[in-house]
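Since the structure comes first, as C-alpha cells, the remarks are kept for the end.
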Amino acid sequence: MNKIRVRFAPSPTGGLHLGGVRTVLFNYLFAKKHGGDFILRIEDTDQSRFVPGAEQYIFDCLAWCGLVPDESPVHGGPYGPYRQSERKEIYRTYAEQLVSEGHAYYAFDTTEELDAMRERLKEAGSQSLQYDHHIRMRMNNSLRLHPEETKALLDAGTPYVIRIKVDANETISFRDMIRGELEFDSSRVDDKVLLKADGMPTYHLAVVVDDHLMKISHAFRGEEWLPSAPVHILLWKYLFGLDAMPQWAHFPLILKPDGNGKLSKRDGDRLGFPVFALDWKDPVSGDITRGFKEIGFLCEAFVNLLAVLGWNNGTEQEVFTVEELINQFSIERVHKGGAKFDYEKAKWFNHQWIQKLPVSAYTSQVLEILKDKNVSVSGSYLQQVLDLIKDRCTLLSDFWDQGFFFFESPIAYDEASVKPKWDTGKNNYFDTLMNRYATTALWYQDEIEKVFKELAMEQQIKVGELQMIFRVMLVGSKTGPGVFAIANTIGQEETIKRIQNALLVFG
RNA sequence: GCCGCGUUGGUCAAGGGGUUAAGACGCCUCCCUUUCACGGAGGAAUCACGGGUUCGAAUCCCGUACGUGGUACCA
C-alpha cells in the first residue's frame, strides 16, 4: 500500500473558520494515525478573490492549533510548488490533453451570451440552466464550430475557456468513506469550465491534477463538494485512471446554532461568539473579527471541541488530547449529518481543559491579559492565584474577572450587603482584628482563620456575618474563593490595609 | 425548479431487528459552601411522519415532510 498522503487546500480569501479548521484537523488526524503526510496546498486560482494576508493567517491558525503541515509553501516538500498560482502552466497541459482526446472543448461564449442562454432556458421553462449536453451544440464552442473556425478564433486570440465534455446517460459512481456507494447520472452533470479565460484552472481541474501530482491517497473535503464530485471522478478517469484515484470522504457541514444553514462569520457576530480560530483583520475595511484564541480559548480545547463536532469514538469520552485523537480517529465514525454549533458546549470544553492542564501551561497567557490591565506580578504569585481560582474560569479572560482583587484593592464595595449588618460591635471587631493581624507571627491560612474566629468568640459575634463583611472588605463583593485563602494569598500587610480602607467607608 | 446529501431530547450524540433508548451541554430541584463558582445527587425532555417487511422496527424497505448543499470563467 502506498503511503497515506492527505491535503487541506484552502483558498486565501479571508479568515479560517471552524469548518475549515475541522477539515484540517480530520485530515491531520487521519494522516498521523497512519503515519502519513499532511500537505497544505494553497488554492489561489481566483485572482479576483485574493486577500492579502490571508495565506499567512492560515499558517498562523494552523500553528496555534498545532496542526503543522509536512509539506506546504512555507514548509517546502518534494512536490512543490504548493501554491496553485505558481503551477499555472501545468494545468493547461492537462486541459489541452483532454481537448485532444475529445473529453473537453474550447468555448468562446462571452459572459453576456451565457447570461442570454440562461435567460432563454428560463423562459422556455427548462428545469436546468446548465451548460450541458442539451445545449452545447447550440453554443459558441469547438464542438459545434468547424475546426477551421475554431482555429481562426484561437489564432485571432479570442478569449476562450476549456470545458469538460460530459456525455449523457452514464452512471458515475464512487465510494465515499463516510457515505458509502454514491451514484450520479451524468445527464445531470454540466460541462464545467476547467480552464478559465485568464489561463488559470478552476478548482475542478486543479484538485484532480494536483492530487495526482502530489500523490494524494485520500481526498477529504466538506460536503459542499459532493455535487461536483462526478466531474472530478470523470477527470480522474480521463486523465490518470480510476485506479489511481484517491479515496474520497465528504465531511458534514457545521451549521448555525439557531435557524438553519451553514455557519458563517455573520452568525458569530450576530450571536456573540467567535467562528474564526484567530483574530482576523479585514485588510480593506480594517474590521477585526474576534478569534477563539483571543477570546480566551486554549488551543487544546479548541481542537478538542472541533474533533467531537461530527465525530466520536463510540464511548462516553469527550475530552481528548491530540495524541488520543490521533490514536482513536477513524473516518468511518464521522457523521453524515451536519451539526449545529453550540457555543455553550464549546466553553464547557475550555473549562475542562483549564482544569485538566497544570496552570503553568497557561500562566504566560494570563500574564498577557494582566499586562493589558497594567498589572505586573511575579510568575510564582500568579501561579498561586491561578490555582485558587481556576475552578471558576471558563475562558482565560475570566481570570481577570475572577481574580482582579488579588492584584489591586477593591475600588468599590457592596455596601448594600454590608450596611444592614453594620454596627458599632462590628466596627469594634474589625478594629481589633486589624491589631491582632498586625501581631500575627505566622501568616498562613489556618492561623488567619483561627485568629478571626477566636476574636469572634471573645466578642460573641456570629462568624458567618463577619466572614461576609470580611470578604467584601478584601474583594469588594460577595464572590471569590475562601476568604482566608484570599487573605493568605494577598499577604498580611495588604489584608490589614484593606480592612483599614474598608473601615473608612463603613465606619 | 432540478440534482445530491441528510434527519435519535432545545443542542452534541451512543445504539444499527428484542435496551427501562447511554452519556454530555443547557435548563430545573436539592446537597456542599454562612459568598459566588466548582463539585455531588436527582429531574423534565427524544427515535420527523405515513405505509410496509417481521412474532417483534429507532434500527430494514418504500413514500412524504422538513432541513441542507449544489446548480458560476468562486472555492
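Excluded from the calculations below are hydrogen atoms, water molecules and symmetry mates; all remaining heavy atoms, backbone and side chain alike, are included.
A donor-acceptor contact closer than 3.5 angstrom links the side chains of Asp44(A) and Ser85(A). There is no side-chain donor-acceptor pair under 3.5 Å between His250(A) and Arg179(A). Inspection of the Tyr131(A) and Asp109(A) side chains reveals an N or O donor paired with an N or O acceptor under 3.5 Å. For the residue pair Glu96(A) and Tyr106(A), a side-chain donor N or O sits within less than 3.5 Å of a side-chain acceptor on the partner. In this model, a donor atom of one side chain and an acceptor atom of the other lie less than 3.5 Å apart for Asp210(A) and Tyr91(A).
For the pair Phe404(A) CZ and A37(B) P, the computed distance is 15 Å after rounding to whole Å. Summarising the geometry, the separation between NE2 on His232(A) and P on G70(B) is reported as 13 Å, rounded to the nearest angstrom. Rounded to a whole Å, the CZ atom of Phe452(A) is 11 Å from the C1' atom of U34(B). Atom NZ in Lys347(A) sits roughly 11 Å away from atom C1' in C25(B) (whole-Å rounding). As rounded to whole Å, 16 Å separates atom P of C3(B) from atom NZ of Lys192(A). Straight-line distance from the CD1 atom of Ile254(A) to the P atom of C5(B): 21 Å, rounded to whole Å. Atom CD of Gln352(A) and atom P of C38(B) are 11 Å apart (whole Å). Distance CG (Leu114(A)) to C1' (C73(B)): 8 Å, rounded to an integer number of Å.
The ring-ring contact (aromatic ring centres under 6.0 Å, His included) test with Phe320(A) singles out one residue from Phe349(A), Trp353(A), Trp311(A), Phe329(A), and that residue is Trp311(A).
Rounded to the nearest Å, the gap between the C1' atom of G23(B) and that of G18(B) is 22 Å. On the C1' atoms, C47(B) is 4 Å away from U8(B), given to the nearest whole Å. Separating the C1' atom of U29(B) from that of A22(B) is a span of 23 Å, rounded to the nearest Å. Comparing C28(B) with A14(B), their P atoms are spaced 27 Å from each other, to the whole Å. Comparing the C1' positions of G50(B) and U7(B) gives a spacing of 16 Å, expressed to the nearest Å. Taking atom P in both A58(B) and U19(B), one finds a spacing of 9 Å when rounded to whole Å. Across A72(B) and G15(B), the matching P atoms stand 39 Å from one another, rounded to whole Å. Between the C1' atoms of A45(B) and C25(B), the separation comes to 14 Å (whole Å).
Here Pro481(A) lies in heavy-atom contact (under 4.0 Å) with a base. Among the heavy atoms of the strands, none lies under 4.0 Å from Thr111(A). Across all strands shown, Asp109(A) has heavy atoms under 4.0 Å from base atoms, whether or not it also approaches the sugar-phosphate.
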Without placing hydrogens or testing angles, list every side-chain donor-acceptor pair under 3.5 Å for residues 7-18 of chain A, not counting sequence neighbours.
from: Arg7(A); atom 1: NE; to: Asp211(A); atom 2: OD1; distance (Å): 2.9
from: Arg7(A); atom 1: NE; to: Asp211(A); atom 2: OD2; distance (Å): 3.3
from: Arg7(A); atom 1: NH1; to: Phe220(A); atom 2: O; distance (Å): 3.2
from: Arg7(A); atom 1: NH2; to: Asp211(A); atom 2: OD2; distance (Å): 2.9
from: Thr13(A); atom 1: OG1; to: Ser11(A); atom 2: O; distance (Å): 3.4
from: His17(A); atom 1: ND1; to: Gly19(A); atom 2: N; distance (Å): 3.1

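Between Arg49(A) and A75(B) there is no side-chain N or O to OP1 or OP2 distance below 4.0 Å. Note on Arg118(A): a side-chain N or O is less than 4.0 Å away from OP1 or OP2 of A72(B). In this structure, Lys196(A) reaches the C74(B) phosphate: one of its side-chain N or O atoms is under 4.0 Å from OP1 or OP2. Listed pair Thr202(A) / A72(B) fails the phosphate criterion, with no side-chain N or O lying under 4.0 Å from OP1 or OP2.
Checking A75(B), U71(B), U68(B) against the side-chain heavy atoms of Glu43(A) singles out A75(B) as nearest. For Trp348(A), taking side-chain heavy atoms from C-beta onward, the closest of the listed nucleotides C73(B), A24(B), G39(B) is A24(B). Comparing U71(B), A22(B), C2(B) against the side chain of Arg188(A) picks out C2(B) as the nearest. When the nucleotides C73(B), C5(B), G69(B) are ranked by their closest atom to the side chain of Lys262(A), G69(B) comes out on top. Comparing G26(B), C73(B), U35(B) by their closest approach to the side chain of Val161(A) singles out C73(B). Of the candidate nucleotides C5(B), G1(B), U34(B), U34(B) has the atom lying nearest to any side-chain atom of Gln467(A). Side-chain proximity of Arg179(A) to the nucleotides C5(B), C38(B), G69(B) is greatest for C5(B).
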Starting at the 5' end of RNA chain B, write a dot or bracket for each base, bracketing those in Watson-Crick or G-U wobble pairs whose two distances are under 3.5 Å and using | for partners on another strand. (((((((..(((.....[....))).(((((.......)))))....(((((..]....))))))))))))....

Please report the C-alpha distance between Ile58(A) and Leu40(A) in whole Å, then the side-chain angles of each, then the deciding distance to 0.1 Å, and finally whether the side-chain contact (heavy atoms from CB on, under 4.5 Å) criterion is met. CA-CA 10 Å; Ile58(A) 289 165; Leu40(A) 185 111; 4.3 Å; yes

Please step through ring pair (Phe, Tyr, Trp, His ring centres under 6.0 Å) for the pair Phe399(A) and Tyr362(A), ending with a clear verdict. CA-CA 11 Å; Phe399(A) 278 106; Tyr362(A) 46 82; 5.7 Å; yes

Below 3.5 Å is the cut-off: list the nitrogen or oxygen pairs between protein and nucleotides 9-16 of chain B, distance only.
from: C12(B); atom 1: OP1; to: Lys340(A); atom 2: N; distance (Å): 2.9
from: A13(B); atom 1: OP1; to: Gly310(A); atom 2: N; distance (Å): 3.0
from: A13(B); atom 1: O3'; to: Asn312(A); atom 2: ND2; distance (Å): 2.9
from: A13(B); atom 1: O3'; to: His335(A); atom 2: NE2; distance (Å): 3.1
from: A14(B); atom 1: OP1; to: Asn312(A); atom 2: ND2; distance (Å): 2.7
from: A14(B); atom 1: OP1; to: His335(A); atom 2: NE2; distance (Å): 2.8
from: A14(B); atom 1: OP2; to: His335(A); atom 2: NE2; distance (Å): 3.4
from: G15(B); atom 1: OP1; to: Arg333(A); atom 2: NH1; distance (Å): 3.3

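With contacts defined as side-chain heavy-atom distances shorter than 4.5 Å, the pair Val334(A)/Phe251(A) qualifies. Looking only at side-chain heavy atoms (C-beta outward), Arg221(A) and Trp248(A) come within less than 4.5 Å of each other.
Ring pair Phe292(A)/Phe273(A): centre-to-centre distance not below 6.0 Å.
When each of Asp44(A) and Pro227(A) is assigned the nucleotide of RNA chain B bearing its nearest heavy atom, the one mapping closer to the 5' terminus is Pro227(A). Annotation: of the two residues near RNA chain B, Arg471(A) and Ala346(A), the 5′-most nearest-nucleotide partner is Ala346(A).
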